[in-house]
Amino acid sequence: MTVTTDLVSYEDALAAFDPVMGLEVHVELGTKTKMFCGCSTELGADANSQTCPVCLGLPGALPVVNATGVESAIKIGLALNCEIAEWCRFARKNYFYPDMPKNFQTSQYDEPIAFNGYLDVQLEDGETFRVEIERAHMEEDTGKSTHVGGATGRIHGAQHSLLDYNRAGIPLIEIVTKPITGAGERAPEVAKAYVAELRELIRALGVSEARMEMGQMRCDVNLSLRPHGTEKFGTRSETKNVNSLRSVERACRFEIQRHAAVLSSGGTIIQETRHFHEDTGSTTSGRVKEEAEDYRYFPEPDLVPVAPSREWVEEIRSGLPELPLARRNRLREEWGVSAHDMQSMLNAGAIDLIVATIDAGAPADQARKWWMGELARNANESGRSLDALPITPAQVARVAELVASGDLNDKLARQVIEGVLAGEGDPDAVVEKRGLKVVSDEGALGAAVDEAIAANAGVADKIRGGKVAAVGALVGAVMKATRGQADAARVRELILEKLGVEG
């Protein structure tokens, strides 16, 4: 029996219970063809145009394993510090779903290709939390169902459904954690940080773009609670297909509060799948969760076992790139920034852009300044990601170069960036078109300074009398007269020289 209650506060939930999490992340691999046939995986094709007898499950059609998919799985396993199986095989996971035309999913069950690993993740305050990995296994994606006629886009209330099998058979890697304990009140933060770090790792390996908003990476959040001081895990719920980092955190937090409310009122948690709702941050019941035996797993008779040689595994290992956490730690030391600053750059998606800007010739501090300052502000205001802004690292490096040479000051540089983002050309073209170069002609500056002193005689007298701080008013007048195109430091020097005051 389940007792319906309101949510308890997060603090009250954590005062009584310890959360236990299990995170299952599905990653679509970026292969050119599907996992068991030669159909294209390219996005945007007409519905059901990228299908064949194999991925449609027609009688007599025989699958063949995608070698690149296997290699990608091994890369992921090695990067997650897993053991790589010397011999493993596929199984049939049997269930009836209209978006799986074979009525079974070709997956791996008790013999995954990678197992027993871990991933270290950094939390907002720089603390490292180790997440143990149970397994990473290969499988195929299902097709896409579009439910038409309802108010929610879900099957309940819909008048009919449309099925597109282009996605059926797309290679997937499912990465399953061991039960995550000991996170306490930080459990939602740990879940978010883990998925974020895993996404960075997948991208670094080049096996997937891992764009959650496009469904290329999805997380199932399993959660249960146990009273403080007990060892036995509680009954879990599984919130399916959560598709953003923020939503992973919110789903975990909501389920902690919901479980605690049910348990505190004497109710029983039902093992079920649940749907997460972005608009409310809440979950609702989906279906009662099956156990493994309900899927009637048995070895796939149409596929030979996969037995990667140790030589091939080590060759793959030697070709792995520098992994994200190690790279961030190296860059943090090279740049001399705090863990918090590095986390901010990671959250903003700026690290690769900053590195590319440095590679294009900009000093590290200037590259960070422009991407995390003016450009981050523009991205936030326009609702875009940094890498979606119409400006390149080379162009940002050129802006930094123009500032360093004295051709631009910061105010003018911001106008140049504005022009580049508006499509007015590269930085030099914007400078020329808008007439934005710093006024460096000593004669013109001297004349502007004389005019400012004459127009502000009282301020000039204060400066002569020893109140040097008052020079700011005259500098401001000159900057206004030159439309911000003078070198403020040089203007200050000229004013003090003309007034016979030492700076």
Side-chain angles (χ1 to χ4, degrees), residues 124 189 192-193 195-196 199-200 203 209-217 242-250 277-281 328 331 335 337-338 340-360 362-404 407-438 476 479-480 483-485 488:
E124 290 284 349
E189 182 188 355
K192 177 183 177 182
V195 178
R199 183 181 65 177
E200 293 298 309
R203 289 174 174 174
E209 293 181 0
R211 297 180 62 176
M212 297 186 75
E213 74 279 6
M214 294 180 62
Q216 295 172 341
M217 181 170 169
V242 185
N243 64 357
S244 77
L245 300 179
R246 179 170 177 262
S247 296
V248 168
E249 184 175 32
R250 294 172 74 203
H277 302 277
E278 296 279 354
D279 53 347
T280 62
R328 290 200 305 275
L331 291 174
W335 295 348
V337 298
S338 66
H340 176 76
D341 288 341
M342 182 58 75
Q343 187 67 42
S344 296
M345 287 182 265
L346 174 65
N347 293 343
I351 293 177
D352 288 342
L353 295 167
I354 292 170
V355 170
T357 304
I358 295 169
D359 290 344
D365 60 336
Q366 292 300 303
R368 294 196 307 274
K369 167 186 170 180
W370 292 111
W371 282 109
M372 294 301 293
E374 184 67 15
L375 290 164
R377 180 191 62 77
N378 186 282
N380 289 335
E381 290 178 355
S382 61
R384 293 179 288 187
S385 61
L386 276 177
D387 60 4
L389 294 178
I391 189 169
T392 66
Q395 290 171 328
V396 176
R398 178 57 179 158
V399 170
E401 183 182 2
L402 290 169
V403 172
D407 289 329
L408 296 176
N409 56 31
D410 278 4
K411 180 178 179 180
L412 297 176
R414 286 192 288 272
Q415 294 181 51
V416 172
I417 287 174
E418 177 187 276
V420 175
L421 293 174
E424 297 174 20
D426 61 26
D428 291 285
V430 174
V431 168
E432 186 68 27
K433 185 181 298 183
R434 295 193 178 192
L436 294 178
K437 275 197 174 182
V438 165
M479 296 302 289
K480 182 177 181 181
R483 294 185 303 149
Q485 292 178 237

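By convention here, the first residue in the shown sequence is residue 1.
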Can you see whether S338 engages D341 through a side-chain donor-acceptor pair at a distance of less than 3.5 angstrom?
yes

Are the side chains of Q395 and T392 in contact, using a 4.5 Å heavy-atom criterion?
yes

Please examine the side chains of S244 and V248, heavy atoms only from C-beta on, and report whether any two atoms are closer than 4.5 Å.
no

Taking the side chain as every heavy atom from C-beta outward, state whether N347 and M342 have any pair of such atoms under 4.5 Å apart.
no

Checking side-chain polar atoms at under 3.5 Å, does E278 have a donor or acceptor matched by the opposite partner on S247?
yes

Test R199 against L245 for side chain to side chain contact (heavy atoms under 4.5 Å, CB included), laying out the working first.
CA-CA 10 Å; R199 183 181 65 177; L245 300 179; 3.4 Å; yes

Side chain to side chain contact (heavy atoms under 4.5 Å, CB included) evaluation trace for L389 with L375:
CA-CA 8 Å; L389 294 178; L375 290 164; 4.0 Å; yes

Contacts of E189 meeting side-chain hydrogen bond (donor to acceptor under 3.5 Å, both in side chains) (sequence neighbours excluded), chain-then-number -> R186

Between I351 and W371, is a side chain to side chain contact (heavy atoms under 4.5 Å, CB included) present by the stated rule, with each step listed?
CA-CA 9 Å; I351 293 177; W371 282 109; over 6 Å; no

Would you say that L331 contacts M345 through its side chain, given a criterion of any heavy-atom pair below 4.5 Å between the two side chains?
no

Decide yes or no on side chain to side chain contact (heavy atoms under 4.5 Å, CB included) for E418 and N378, but give the supporting numbers first.
CA-CA 9 Å; E418 177 187 276; N378 186 282; over 6 Å; no

Steps toward salt bridge (Lys or Arg N to Asp or Glu O under 4.0 Å) verdict (R377, E374)
CA-CA 5 Å; R377 180 191 62 77; E374 184 67 15; 2.5 Å; yes

Side chains of R203 and R211 in contact at under 4.5 Å (non-hydrogen atoms)
yes

Can you give me every donor-acceptor pair (side chain of residues 423-431, partner residue at least two apart or in another chain, under 3.5 Å) with its distance?
{"from": "E424", "atom 1": "OE1", "to": "R434", "atom 2": "NE", "distance (Å)": "3.0"}
{"from": "E424", "atom 1": "OE1", "to": "R434", "atom 2": "NH2", "distance (Å)": "3.4"}
{"from": "E424", "atom 1": "OE2", "to": "R434", "atom 2": "NH2", "distance (Å)": "2.7"}
{"from": "D426", "atom 1": "OD1", "to": "D428", "atom 2": "N", "distance (Å)": "3.3"}
{"from": "D426", "atom 1": "OD1", "to": "A429", "atom 2": "N", "distance (Å)": "2.9"}
{"from": "D428", "atom 1": "OD1", "to": "R398", "atom 2": "NE", "distance (Å)": "3.3"}
{"from": "D428", "atom 1": "OD1", "to": "R398", "atom 2": "NH2", "distance (Å)": "2.7"}
{"from": "D428", "atom 1": "OD2", "to": "R398", "atom 2": "NE", "distance (Å)": "2.9"}

